[in-house]
Amino acid sequence: MNFGVEQTKKWMQELNQRLQLQKAYLTELDQAIGDGDHGLNMARGFQEVVYKISIIDYKDVGSLFKDIGMVLLSKVGGASGPLYGTVFLKAANEVKGKESLETKDLAAAFTASLEGVKMRGKANLGDKTMVDVWEPVVAYLQGDQVDWDTFISLAKTNMENTEQLEAKKGRAAYLGKRSIGHLDPGAVSSFYFFAELAKVCKEVSQA
Amino acid sequence: MNFGVEQTKKWMQELNQRLQLQKAYLTELDQAIGDGDHGLNMARGFQEVVYKISIIDYKDVGSLFKDIGMVLLSKVGGASGPLYGTVFLKAANEVKGKESLETKDLAAAFTASLEGVKMRGKANLGDKTMVDVWEPVVAYLQGDQVDWDTFISLAKTNMENTEQLEAKKGRAAYLGKRSIGHLDPGAVSSFYFFAELAKVCKEVSQA
Amino acid sequence: MKKLINNPEEVVSEMLEGFVLAHPKQVKLVPNTSVIVRADSPIQGKVGLVSGGGSGHEPSHGGFVGTGMLDGAVAGEVFTSPTPDQVYEAIKAVDGGKGVLLIIKNYTGDVLNFEMAAELAEADGIKVAKVVVNDDVAVENSTYTTGRRGIAGTVFVHKIAGALAETGASLEEVEAVANKVIQNVRSMGMALTPCTIPAAGKPGFSIGDNEMEIGMGIHGEPGIERGEIKTADEVTSVLLKKVLDDLQPTQDEKVAVMINGLGATPLMELYILNKKVSDLLKERNIDVYETFVGEYMTSLEMAGCSITLLKLDNHLTELLDAKANTVAFKR
Amino acid sequence: MKKLINNPEEVVSEMLEGFVLAHPKQVKLVPNTSVIVRADSPIQGKVGLVSGGGSGHEPSHGGFVGTGMLDGAVAGEVFTSPTPDQVYEAIKAVDGGKGVLLIIKNYTGDVLNFEMAAELAEADGIKVAKVVVNDDVAVENSTYTTGRRGIAGTVFVHKIAGALAETGASLEEVEAVANKVIQNVRSMGMALTPCTIPAAGKPGFSIGDNEMEIGMGIHGEPGIERGEIKTADEVTSVLLKKVLDDLQPTQDEKVAVMINGLGATPLMELYILNKKVSDLLKERNIDVYETFVGEYMTSLEMAGCSITLLKLDNHLTELLDAKANTVAFKR
Ligand SMILES: Nc1ncnc2c1ncn2[C@@H]1O[C@H](COP(=O)(O)OP(=O)(O)O)[C@@H](O)[C@H]1O
Ligand SMILES: Nc1ncnc2c1ncn2[C@@H]1O[C@H](COP(=O)(O)OP(=O)(O)O)[C@@H](O)[C@H]1O
Ligand SMILES: [Mg+2]
Ligand SMILES: [Mg+2]
Ligand SMILES: [Mg+2]
Ligand SMILES: [Mg+2]
């Protein structure tokens, strides 16, 4: 595999496009069990990411990840801003100086990201947050063999499974049992995150 | 004719009933060119009048008129409160001590009322106020021969004519030309005032 | 009708009770009336200031009763002028021997009821003066009609006349400064949504989903233009232009600005309006001495605003600056 | 969506500009940020107080910046916690060498962003302490979840911690008194109508024509009970009971009361609620030291209210009484 600066930029563009398209949907999900801004937050942040990284020539993925993290941190706000910001800052640290990533590099990077997210947000598996997508997906990524279609369906299934969970962290936790029956917005945006990543990886692997 | 305390009470009861029924209508008229409270004001005031006069035995029409005026003054508010209050206070002065009124007494009483209303409100004929009903009706009452059905239709016609006038006094005056095309709420309540009076007078005359 | 009330017929009396219960150190209710006066009324040797009008404009006028502003406020039914007997009670309750100034908003009902009360008080030997506030430039001034309406600019009359009264000035002096404020204050408003008189149970008028009304009165009286909803900047330009055209401040003059919310408009929006007001006044080299943003003269839960300008000379400035301690206006 | 705005994406920046243009003697904007600080910041030798959160709650928090309350307020996008870099700018702008206290409402986003900012500032050598306000008893407290939300009670934290900071107290002392307020303050709210985030363009939820929601959060987070609209007295009883059950004041204790409007609720209705609050507290022999009625912590143009009680001892009373001079809170 050859996942470098160009691929990261492509990933960010595709992810941003999807988030812009799904802005209203994510916001509706957040209206049901939160405060209705998740779509706005994500769309605002990744729009800015795409703009910022498009005007800079990056030598390595690490510095690109770092910029993405900083943009998210300073543009998203809410709970998702520090969490997605942490994702990229921790990943950047892990792949510092690398011009191209292998699957195992991605695994190491996102393992660090997940740790960071859990440390900040103190959420565990089953708390109905983005962690419910992240944990199984990162575990699969750490395995020997990664099939990107399987990766996508794994993310999707776990995203869908958040519907039946009771929220224990984040704004939805205030709802208690009444949060059951709704998808977690951050799990859905995390699904987009991984699905768009996988599409780029699949292309690269096939090339 | 024999228009005494009993007839006045009857008149007030009938007028109050009509105002309660037309409360929403008067309020709608006032919403179009005023502030939407004329029906509420009149209904509140005359309800109180009927209550107050029902528990007192009056010897003469003058003291009854005076009480009605005081209740209206202290319960109606708005522009119509002082004006209808003045109507009865001025009339009371004119028929002081009388136990029964002839048509000429009513004429004298309401002539004083109209003067009072015009002095307070400074409205003239054609200014789209209650004066537009009062002035022709009082003039007719001052004549030699009073037919109560004619009296009612005169009040009605002049009430209806306010529709085409431009308001020069009262809250509707702020609308200028746009007040044209709407009935004046106070003219409508004045029509009720005279119509219910006429009904009682007609009964008395026939008896 | 969605309101936090108990009985539509009792809203005024319950509000007044809740008001004096909340602020017992500052105000009291004259027993069996709808009159709010300062807790220490009557103040001997000070001209008493009484204002009032229909309810539904809170914090006007009870919120402005206190040191440096009003001595008494008379509350009528919602949007209905109070009756003469109530105004008369207020006059008696605040008279400290130096006479009483009535500050009346220019509506036929208010004028008639306050006038009758003044006659009653004068018959008792109380000296009474009256001023009529007519700051609303939305409706044309014409000597043939009732004249202009009184709206948010009234609060500046309370503030400045109140400050002068506090110095021990005579009734004539307080009346004169009130009239000076009236001559120098202009306002204009607009509405996005209607409001509902509790006893009426439904909105007094309707405004289309995409519409607004320029020049709407604070009782929901129709304005001068119904049209598609415009941006905050456009609305500000329209309102401010009318105010400036009428007030005609010169370049070296300074003004006080009030951006008043009608009830349901978030402070956020009022501040957005103020940005444009500030820009436009800067363009014309008019010096803004002070800006007041908030709810001063409301119309129940109407969404909308009014913009007021007051031209200031040194005397008015000093009185505007003077200490005031009321429930809704402190400095 | 009926709003007096220009561009939904610019509401926060335009509001902040309009705010500092209105009150230049009291506040300034830290250039290129969404941070409001006192005009004379930083104040040497005084602990700096910083609060903030999503916008849409005006006058919170910018309206409480000034003598005796906050030093800085950070405004996020509407209903979205501000980002760490902005909070960090606020900390730097108000630090006068004695450290900075962050007053955070208990929402994951606010906590995370303020925490990260604190880490950045500490790395610069600035002493930072944090308190988290969680006064909303609508949502159950549970150690397994996020805990309770922070709502209008936060304003009492600003007031009392701000008063102590003004005396030159240490960061530890100011933090301790802030925590004392937090332990003694409880609130609960309800809503009659939804509100619309400008950038979302439509209401975040809907409430039936005949319905209300008890326990609604100030960002429109679902409450605990959706039901038919009740009278003001019934609503008050429900809210106050939950607050009292949790706070458990004893008969000889005194409290401060805040009746807070969420944006579109007329003052008239808030005072009607206060009448009942006052009656109910009297029944229980709880002594009301002072009552605050108005808009302190709003939710854009939502109609509804919250009721807050703060238990007072002598120290808290003294600090509550202390002078304050901010745009939205003066005494
Ligand atoms: N403590 C947490 N740990 C992990 N993820 C969280 C946590 N709290 C919230 N989230 C995620 O953030 C999402 C909400 O993000 P967003 O709506 O942008 O922020 P906010 O809740 O501040 O409005 C939730 O759907 C959830 O997936
Ligand atoms: N100056 C006036 N002279 C005579 N009648 C008047 C005057 N002003 C108003 N009115 C009458 O009063 C009516 C309005 O009464 P009402 O709605 O009860 O009072 P308000 O206008 O104070 O709300 C008008 O329709 C008009 O007939
Ligand atoms: Mg959210
Ligand atoms: Mg009317
Ligand atoms: Mg009226
Ligand atoms: Mg949010």
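Any value given below was found using the heavy atoms of this structure, including those in side chains, with hydrogens, waters and symmetry copies removed. Proteins come first, then strands; the chains are lettered A, B, ... in the order of their sequence lines, and each starts at number 1.
Residues A/R44 and D/T80 come closest through the heavy atom pair NH2-CG2, 3.9 Å. Across all non-hydrogen atoms, the minimal contact from A/Q31 to D/K202 is NE2-O, 4.4 Å.
Here the straight-line distance linking atom CG of A/D37 with atom OG of D/S81 works out to 8.0 Å at 0.5 Å rounding.
With sequence neighbours excluded, no residue satisfies side-chain hydrogen bond (donor to acceptor under 3.5 Å, both in side chains) with A/T157.
When side chains are defined from C-beta on, D/R149 does not count as touching A/R171, because their heavy atoms never get closer than 4.5 Å. Between D/I197 and A/L40 there is a side-chain heavy-atom pair separated by less than 4.5 Å. The side-chain heavy atoms of D/M116 and A/T86, taken from C-beta on, include a pair separated by under 4.5 Å.
Atom NZ of D/K92 has more than 12 neighbouring heavy atoms from other residues, nucleotides or ligands inside a 6.0 Å radius. In the displayed structure, A/E6 atom CD is contacted under 6.0 Å by at most 12 heavy atoms of other residues, nucleotides or ligands. Counting heavy atoms of neighbouring residues, nucleotides and ligands inside a 6.0 Å radius, atom CG of D/D245 exceeds 12 of them. Few gaps surround NZ on A/K9; more than 12 heavy atoms of other groups in view lie less than 6.0 Å from it. Residue A/M70 places its CE atom among 12 or fewer non-hydrogen atoms of other residues, nucleotides or ligands, all under 6.0 Å distant. When the shell of 6.0 Å around CG of A/D149 is examined, it contains more than 12 heavy atoms from other residues, nucleotides or ligands. In this structure, A/K118 places its NZ atom where more than 12 heavy-atom neighbours from other residues, nucleotides or ligands lie under 6.0 Å away.
Looking at A/L73, the atoms closer than 4.5 Å to chain D (heavy atoms on both sides) sit in the backbone and in the side chain alike. Using a 4.5 Å cut-off between heavy atoms, A/A32 contacts chain D through its backbone alone, with no side-chain atom that close.
The closest donor-acceptor contact from the side chain of D/N113 to the backbone of A/A79 lies at 3.5 Å or more, if one exists at all.
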Exercise. Please step through side-chain contact (heavy atoms from CB on, under 4.5 Å) for the pair A/D35 and D/F205, ending with a clear verdict.
Key: CA-CA 9 Å; A/D35 59 348; D/F205 54 99; over 6 Å; no
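Inspection of non-hydrogen atoms places D/H219, D/G220, D/E221, D/P222, D/G223, D/I224 of residues 218-227 of chain D under 4.5 Å from chain A.
Taking chain D as the reference chain and counting heavy-atom pairs below 4.5 Å, the highest number among A/I33, A/L175, A/D30, A/L83 is found for A/L175. Ranked by heavy-atom pairs under 4.5 Å with chain A, the list D/T108, D/V111, D/D110 is led by D/T108.
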